[in-house]
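Working notes, structure below.
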Amino acid sequence: KRRGSWLLLLGFILFYIIYLLLGALVFSSIERPVEDKLRNDIQTMQREFLNQTCINATALEEFLVKALSASEYGVSVLKNSSLNSNWDMASSMFFANTLVTTVGYGHSTPLSDMGKAFSILYALIGVPFTMLVLTASVQRLMYPLVYAPQALFQRSGLNPRPASQLHFALLLAAVLLCFFVAPAFVFRAIEGSWSFLDAVYFCFMSLCTVGLGDFVPGEQPGQKYRSLYKVVVMVYLFVGLMMMYLLLRAFHKMADLHGLTSFLELPHCEEPEGDLRPILGDGPPPTSPTASLWGITRTNQRSVSHDNTNSPSRHLGAFSPLCYE
């Protein structure tokens, strides 16, 4: 059953990739001709402007307004910039990925009404499905990356609270190193014009799904292996978002152990027994390291709850530190 649930999760990820490819194909077929027409119009306007013997302020202003308007849609009057299309397959897939992950850099937007309508429909289905895939993936990673390390620290002699603190510190350091510092060096080397701070800024804004769009990878004129580069960035975004969600889950559990969630009257992070099972499988639920903090087992929880059916503490959830997420 556990192996079958992993296969089902892989099937979900495969369907997610196919969904991105289909979206890229549709976006490219809709927007590429419109982009080509806009680029030709801008080039024609540029030639007419340069052929004028006397350039007045009105003609210059009109040219700049049209050029800036085209630039908002990713079409530039610069010769080197016009070599890259925003709606080839790789760029369209990159746009589809930023759309369903809600990163949304905004460096390229649909030009046609049909493209805008399709974006609404595509995001309406793609955003919740992406959240489902991310949630299922994180739930599968909770045991090897959260439960098991904390249990290992407790077996080595640490109490639950210090064990959770040590685990969260190590997990945070690993995420910062693998998804912020190391990628920043890579982006700085590839992009050329980015500083290290620019690259870290891009990583943070992307993995927090802010996506301001002032820094977008793969937009340098004449960039080598541009299509492959964009695909690698898409993989980085998906895995990075998954690890950010995992980090938040680990922090939530640590806050639960330290009583912060109880103090703020928030849901506890210990899931109900049924929810400890993975979303995509019927495998045995992992044993949470927080169980020792409460000093009771699930069997004891049920027996105490049955023996205190009229106790106010039962209604307040004293023996059910559960997280209904």
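- The aromatic rings of Phe238 and Tyr16 sit tilted relative to each other, their planes meeting at an angle between 30° and 60°.
- Using a 4.5 Å heavy-atom cutoff, the side chains of Trp87 and Asp36 are not in contact.
- Annotation: side chain of Thr209 is not in contact with side chain of Thr101 (no heavy-atom distance under 4.5 Å).
- Through side-chain heavy atoms spaced under 4.5 Å, either directly or across other Ile, Leu, Val, Met, Phe, Trp or Tyr residues, Phe185 is tied to Leu177, Val181, Phe196, Val200.
- Contacts of Phe180 classified as ring-ring contact (aromatic ring centres under 6.0 Å, His included), with partners at least two apart in sequence or in another chain: none.
- Residue Leu166 belongs to a hydrophobic cluster whose other members are Phe153, Leu158, Leu170, with links defined by side-chain heavy atoms closer than 4.5 Å.
- Under the 4.5 Å side-chain contact rule for hydrophobic residues, Val233 and Ile13 share a cluster.
- Side-chain contact of Ser206 with Tyr105: a donor-acceptor pair under 3.5 Å is present, judged by distance alone.
- Proximity of Val146 to Arg249: side-chain heavy atoms (C-beta onward) are nowhere separated by under 4.5 Å.
- The two residues Val216 and Gly213 make their nearest non-hydrogen contact at CG2-O, 3.6 Å.
- In this structure, the side chain to side chain contact (heavy atoms under 4.5 Å, CB included) partners of Asn159, at least two apart in sequence or on a different chain, are Pro162.
- Among residues two or more places apart in sequence or in another chain, the ring-ring contact (aromatic ring centres under 6.0 Å, His included) test is passed with Phe215 by Trp194, Tyr201.
- The minimum heavy-atom distance between Asp198 and Ser193, with the atom names listed, is OD2-O, 4.4 Å.
- Qualifying side chain to side chain contact (heavy atoms under 4.5 Å, CB included) partners for Ser112, counting only residues two or more places apart in sequence or in other chains: Ile30, Glu31, Val34, Met114.
- Applying the ring-ring contact (aromatic ring centres under 6.0 Å, His included) criterion to Tyr229, with sequence neighbours excluded, gives no partner residue.
- Under a 3.5 Å cut-off, the side chain of Glu35 and the backbone N or O of Asn86 do form a donor-acceptor pair.
- Under the 4.5 Å side-chain contact rule for hydrophobic residues, Leu248 and Leu246 do not share a cluster.
- A pairwise comparison of heavy atoms in Leu21 and Met93 identifies CD2-SD, 3.6 Å as the closest pair.
- Clustering of Ile, Leu, Val, Met, Phe, Trp and Tyr by side-chain heavy atoms under 4.5 Å joins Leu124 with none of the others.
- None of Arg32, Lys230, Arg226 except one satisfies the side-chain hydrogen bond (donor to acceptor under 3.5 Å, both in side chains) rule with Ser91; the exception is Arg226.
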**Prompt:** So Tyr19 and Thr130, side chain to side chain contact (heavy atoms under 4.5 Å, CB included) or not? Walk me through it.
**Reply:** CA-CA 10 Å; Tyr19 188 75; Thr130 302; over 6 Å; no
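- By the salt bridge (charged side-chain N to carboxylate O under 4.0 Å, His left out) test, Asp214 pairs with no residue at all, sequence neighbours left out.
- Applying the ring-ring contact (aromatic ring centres under 6.0 Å, His included) test to Phe15 and every residue at least two apart in sequence or in another chain returns Phe129.
- Applying the side chain to side chain contact (heavy atoms under 4.5 Å, CB included) test to Ser164 and every residue at least two apart in sequence or in another chain returns Gln150, Met254, Leu257, His258.
- In this structure, the side chain to side chain contact (heavy atoms under 4.5 Å, CB included) partners of Val210, at least two apart in sequence or on a different chain, are Met205, Cys208, Leu212.
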